[in-house]
Student: 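Pasting a structure below so you can have a look.
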Amino acid sequence: MDKFLIKGGNPLRGTVSVSGAKNSALPVMAATLLTADQVTVHNIPKVRDLITMSKLLAFMGATVSITEIPASDYTISTPTLNHAEAPYELVKTMRASILTLGPLMARLGIAHVSLPGGCAIGARPIDLHLAALEKMGAEITISHGYIEAKVPNRGRLKGAHIIFDKITVTGTENILMAAVLADGESILENAAREPEITDLIVMLRKMGACITGDGTSTLRIRGVKELHGTEHTVIPDRIEAGTFLIAGAITGGDLTVANCDPGHLGAVIAKLQQSGVETETVDKSTLRVRPARKLAGADVTTEEYPGFATDMQAQYMALATQAEGTSVITETIFENRYLHASEMVRMGANISVDGRRAVVRGPAELSGTTVQASDLRASAGLVLAGLVSSGETLIDRVYHIDRGYEGIVEKLSSVGADITRIHAPST
Ligand code: UD1
């Protein structure tokens, strides 16, 4: 397994560029299954989850061709869907494989998708996806670890009025994709409002879907007979951008974050400003962070968009270890998302965790040691802690970070970080 070696202490200076959003590219790729025509998607990040998604689509019968320059462009066509299956081998490496369930049910009326199971950060059930599909007329059974779903007589799903008990991002995306080809109108209430959902809606609309309400918690979808091909550019990754903003802030650097959408980063910017960090919107796709005169602790509660994203919680915790005073972090989305805290404590941080609440007292002098990455965003938090630790930090299991951050070593090195990848010896 590859590792990262970080020698901390360098302030980051210069410009770093943000890649396309992983969490947008995943549903957008799944949505290509909804048409027999060719779809071209630009700005797909070069990260492992997207390679996994392309393998999954190819397994189902899609032809996927990838061009690398300047960002990854994928051209996907699925004239025939011959395998309505998401096998366990692929689903176990990427939970977002569940995003093929909605498109398969919409186009074929049948799906055989492995249950994703829990993961390090929590149980992560998909009951709301399944209940909504049942309301749309699907018959669903779970057997041998697989979801067996079908529309009676291989017909079409029916439009339905769905009120999600809880806000779910991939649940909203799955049901949106199911509803676009359903008979009649669907109304989704308490839908997620993340920018990645809006991006998916923009693309579905270009394919011929009738959807209104994007950006709100009520989506109305009028099913159409079929969708056609299109071309789409994925939005910038707001979590990668937020991670870079914190990297600039925590190292006391002067960092410009280019190719981002400042409009998607309101909660992170507000929290940085509250902590004393100077942020500037340079133009509509560029932000700049400058050193805080004094970094002050601030409380954070994770929430659905437009609140502070749970995917930024570990990175914010790293910053809080360097801030003067007490920061109380409350994680409301996932029940077990503090695995990075104990590793930060091993580096010298003062953090106590009690259930969903973590109390961080700072500033603490961090010192480098060997730490284990436990999930994608926890790894990012540990990288940030490593950037301000004395001596060397060795981060193990960085395959987690490779799932979602394109070229993080190269990008951070280009702005002054001393970070290298140690490749696992080939077996
Ligand atoms: C997505 C993101 C992930 C982010 C998360 C929350 C992708 C590929 N992943 O994950 O990066 O951290 O949103 O912003 O976009 N829940 C249920 N039943 C369900 C579905 C969800 O109880 O059927 C619960 C979950 O366990 C969790 C909460 O609802 O506690 C939110 O989960 P959800 O929004 O579905 O997260 P994901 O879509 O899996």
Side-chain angles (χ1 to χ4, degrees), residues 20-31 44-45 47-50 52-53 56 86 91 93-102 113 115-135 140 142 147 162-178 188 190-200 217 234-235 237-240 242-243 264 267-268 301-316 330-340 356 374-381 400-401 403-405:
K22 168 184 88 73
N23 285 355
S24 209
L26 287 167
V28 156
M29 294 257 297
I44 300 240
V47 298
R48 198 157 48 86
D49 271 8
L50 271 308
T52 308
M53 183 56 96
L56 184 56
V91 176
T93 62
M94 186 187 68
R95 292 183 51 82
S97 308
I98 192 69
L99 284 166
T100 55
L101 178 62
V113 175
L115 278 170
C119 71
I121 64 174
R124 300 185 81 173
I126 49 149
D127 54 320
L128 303 175
H129 305 224
L130 302 185
L133 283 173
E134 281 177 335
K135 210 159 176 208
I140 299 179
I142 305 287
I147 303 157
I162 287 144
I163 305 172
F164 289 106
D165 282 351
K166 225 175 167 180
I167 298 175
T168 160
V169 176
T170 50
T172 302
E173 291 162 348
N174 238 339
I175 303 312
L176 249 174
M177 292 189 280
L188 312 189
N190 202 24
R193 291 185 288 160
E194 269 62 7
E196 293 75 22
I197 303 227
T198 304
D199 198 27
L200 174 65
S217 56
V234 167
I235 57 169
D237 195 310
R238 65 195 165 97
I239 306 300
E240 188 196 17
T243 304
H264 295 163
V268 174
T301 299
T302 63
E303 282 166 356
E304 294 87 1
Y305 189 83
F308 191 94
T310 173
D311 284 354
M312 284 301 302
Q313 180 257 104
Q315 300 89 315
Y316 181 76
T330 309
E331 171 59 57
T332 71
I333 310 291
F334 293 111
E335 62 270 26
N336 191 29
R337 208 172 194 180
Y338 286 132
L339 294 168
H340 43 280
R356 290 186 177 253
S374 53
D375 70 70
L376 170 58
R377 306 305 171 183
S379 325
H400 287 295
I401 208 162
R403 280 190 39 227
Y405 284 87

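Note that these values count all heavy atoms, side chains included, but never hydrogens, waters or copies made by symmetry. Both ligands and their constituent atoms are indexed starting at 1 by order of listing.
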Student: With rounding to the nearest 0.5 Å, note down the distance linking CD1 in I167 to CD in E304.
Tutor: 4.0 Å
Student: Any idea which atoms of ligand 1 are less than 4.0 Å away from a heavy-atom of I126?
Tutor: 19 (C), 23 (O)
Student: Need the ligand 1 atom indices (1-based, order shown) with element for anything under 4.0 Å from a heavy-atom of H129.
Tutor: 23 (O)
Student: I need the nearest protein heavy-atom contact for atom 24 (C) of ligand 1: residue, atom name and distance, please.
Tutor: K166 NZ, 3.8 Å
Student: I'd like the name of whichever of T172, L128, D375 reaches closest to atom 23 (O) of ligand 1 through any heavy atom.
Tutor: L128
Student: Rounded to the nearest 0.5 Å, what separation is found between the OG1 atom of T168 and the CD atom of E194?
Tutor: 9.5 Å
Student: Applying side chain to side chain contact (heavy atoms under 4.5 Å, CB included), run through D165 and D127 and close with a yes or a no.
Tutor: CA-CA 10 Å; D165 282 351; D127 54 320; over 6 Å; no
Student: Is it the case that ligand 1 has an N or O less than 3.5 angstrom from some N or O of E173?
Tutor: no
Student: Rounded to the nearest 0.5 Å, how far does CZ of R403 lie from CZ of R377?
Tutor: 8.0 Å
Student: Below 3.5 Å, N or O to N or O, backbone or side chain included: is there any such pair between R124 and ligand 1?
Tutor: yes
Student: Are the charged groups of D311 and R337 less than 4.0 angstrom apart, N to O?
Tutor: yes
Student: Rounded to the nearest 0.5 Å, what separation is found between the CG atom of L26 and the CD atom of E173?
Tutor: 8.5 Å
Student: Compute the minimum heavy-atom distance from R337 to ligand 1 and say whether it is under 4.0 Å.
Tutor: yes
Student: Between T168 and ligand 1, is there a nitrogen or oxygen pair with a distance under 3.5 Å?
Tutor: yes
Student: Among protein heavy atoms, which sits nearest to atom 34 (O) of ligand 1, and what does the distance come to when rounded to 0.1 Å?
Tutor: V169 N, 2.8 Å
Student: Taking it one step at a time, do E303 and T332 satisfy side chain to side chain donor-acceptor pair (under 3.5 Å)?
Tutor: CA-CA 6 Å; E303 282 166 356; T332 71; over 6 Å; no
Student: Stepwise, does the side chain to side chain contact (heavy atoms under 4.5 Å, CB included) test hold for I98 with H129?
Tutor: CA-CA 9 Å; I98 192 69; H129 305 224; 4.2 Å; yes
Student: Determine, considering heavy atoms only, which of I239, D311, L130 sits nearest to atom 4 (C) of ligand 1.
Tutor: D311
Student: Nearest non-hydrogen contact with atom 21 (C) of ligand 1 belongs to which option: P125, A131, A96, G404?
Tutor: P125
Student: Does any N or O atom in N23 lie less than 3.5 angstrom from one in ligand 1, N or O only?
Tutor: yes
Student: Identify the protein heavy atom lying closest to atom 38 (O) of ligand 1, giving its residue, its atom name and the separation to 0.1 Å.
Tutor: T170 OG1, 2.6 Å
Student: I'd like to check which ligand 1 atoms, numbered from 1 as shown, lie under 4.0 Å from a non-hydrogen atom of I167.
Tutor: 31 (C), 34 (O)
Student: How long is the gap from CG on N190 to CD1 on I163, to the nearest 0.5 Å?
Tutor: 8.5 Å
Student: After noting the C-alpha distance and the side-chain angles of Y305 and R238, does the key distance pass the side chain to side chain contact (heavy atoms under 4.5 Å, CB included) rule?
Tutor: CA-CA 11 Å; Y305 189 83; R238 65 195 165 97; 3.7 Å; yes
Student: Would you kindly specify which portion of M94 sits under 4.0 Å from ligand 1, judged on non-hydrogen atoms: side chain, backbone, both or neither?
Tutor: neither
Student: With nothing but distance in play, are any N or O atoms of T310 less than 3.5 Å from an N or O of ligand 1?
Tutor: no
Student: Search all heavy atoms of V113 against all heavy atoms of L101 and return the closest pair with its distance.
Tutor: CG2-CD1, 4.1 Å
Student: What's the spacing between M29 CE and L200 CG if we round to 0.5 Å?
Tutor: 13.0 Å
Student: Looking only at N/O atoms, are I333 and ligand 1 under 3.5 Å apart anywhere?
Tutor: yes
Student: Please determine if F334 has a nitrogen or oxygen closer than 3.5 Å to a nitrogen or oxygen of ligand 1.
Tutor: no
Student: Considering only protein heavy atoms, which is closest to atom 18 (N) of ligand 1, and at what distance to one decimal place?
Tutor: D127 OD1, 2.7 Å
